[in-house]
Amino acid sequence: DLLKDIEGLSGKEEMIQKYLNIKKVIIVPGDCDEDPSVLGEMGRAAASYCKTIMYDNISIALTGGNSIKAVVDNFDIYTKYKDILVLPARGGIGKKVEIQSNTLAAELSNKLNGNYKLLYAPDNMSGIALETMLKEKSICETIEKIRETDILVYGIGRADEMAKRRELEAETIEQLHNLGAVGEAFGIYFNKNGSTVYCTPTIGIQGEDLEKIEHLIAIAGGKQKSEAIISVERGRKKSVLVIDQGCANEIMNII
Ligand code: F6P
């Protein structure tokens with residue numbers, strides 16, 4: 001039965017990979033909505049994949065969130081490669097320091113015996129403040145490194161949930177709704193067809209950088225995220241997507 005299950009999973013991995021037109025799909029057994037330990041297993045799967053693509057001097061940028069925390073928590077100490085640079089993909093969000101990209105980048109870098117750089121700036125910054133920050137040399141250097149990262153590991157959220165987490169104004173929330181935003185990743189909101197409909201003003205990774213990044217690793221689970229995942233991942237050819245079985249089943253229902 002277990003074998004059948006696993007065979008079933010690899011069939012689904014291939015179907016979802018082809019449907020989304022991405023590089024690879026990894027489905028972890030279970031449902032993280034029902035069993036929180038499944039998110040840990042997803043983190044472990046993403047960490048294992050990440051190890052297979054690492055080399056000396058590589059740079060890894062991380063977004064924030066609980067899913068990326070699961071990757072970092074389940075990365076074991078791994079010092080095979082030298083001079084690894086770990087970066088936050090974007091500024092911080094909200095009040096919870098445990099799931100901010102800065103915190104997670106520092107933690108992962110310790111496990112890899114690497115280096116890290118932090119972005120001391122809130123995400124969702126507005127025009128003038130943003131311009132002023134960008135005049136700071138050390139910030140510019142960090143941003144440059146982030147935008148040229150070799151690996152980007154990112155979470156995916158539902159547009160409505162993320163708008164809440166980011167405490168966006170009612171007006172912006174309505175705008176996102178009217179634009180048909182269903183999914184969000186790295187500060188960019190996507191509609192059902194996978195088109196960008198809104199970008200959070202931010203320092204860090206920008207939409208145009210994604211094309212140049214060699215390796216993308218997305219991690220997201222739970223049935224309620226299936227539409228969001230499709231919106232973010234559709235046609236993202238370099239992306240390796242780690243999801244749970246619950247979410248995979250839901251995606252199979254949609255496609
Ligand atoms: O806020 C950072 C972020 O990575 C978002 O871009 C993404 O939508 C969200 O976190 C995912 O969070 P979680 O893994 O907690 O669902």
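Everything numeric here is computed off the predicted structure, so don't read it as measured data. Every number for a ligand or one of its atoms is a count from 1 in the order of the listing. Positions are given from 1, in the same order as the sequence printed here.
- The nearest non-hydrogen atom to atom 11 (C) of ligand 1, considering only V71, L39, T63, I156, comes from I156.
- For E161, no heavy-atom contact with ligand 1 is shorter than 4.0 Å.
- Ion pairing between a basic and an acidic side chain is recognised when a charged N comes within 4.0 Å of a carboxylate O; K51 and D76 show such pairing.
- Rounding to the nearest 0.5 Å gives a distance of 10.5 Å between CD1 of I205 and CD of E148.
- Note: an N/O pair closer than 3.5 Å links G157 and ligand 1 by distance alone.
- Nearest to atom 12 (O) of ligand 1 by heavy-atom distance, out of R165, K225, M162, is R165.
- Residue G65 has at least one heavy-atom neighbour below 4.0 Å for each of these atoms of ligand 1: 10 (O), 12 (O), 14 (O), 15 (O).
- Taking the charged nitrogens against the carboxylate oxygens, D33 and K223 have no contact shorter than 4.0 Å, which rules out a salt bridge.
- Considering backbone and side-chain N/O of A185, none are found under 3.5 Å from N/O of ligand 1.
- When non-hydrogen atoms are compared, ligand 1 lies under 4.0 Å from the backbone of E184 as well as from its side chain.
- A salt bridge between E131 and K135 is absent, with no side-chain N of the basic residue lying under 4.0 Å from a carboxylate O of the acidic one.
- Under the 30°/60° scheme for interplanar angles, the aromatic rings of F186 and F190 are found to stand perpendicular.
- Scanning A228, A89, G64, A159 for the heavy atom closest to atom 3 (C) of ligand 1 points to G64.
- Heavy atoms of R166 found under 4.0 angstrom from ligand 1 belong exclusively to the side chain.
- Residue K69 holds its NZ atom at 6.5 Å from CD of E107, rounded to the nearest 0.5 Å.
- Residue-level proximity to ligand 1 for F186 is carried by the backbone, the only part with a heavy atom below 4.0 angstrom.
- With salt bridges taken as basic N to acidic carboxylate O contacts below 4.0 Å, none links E13 and K24.
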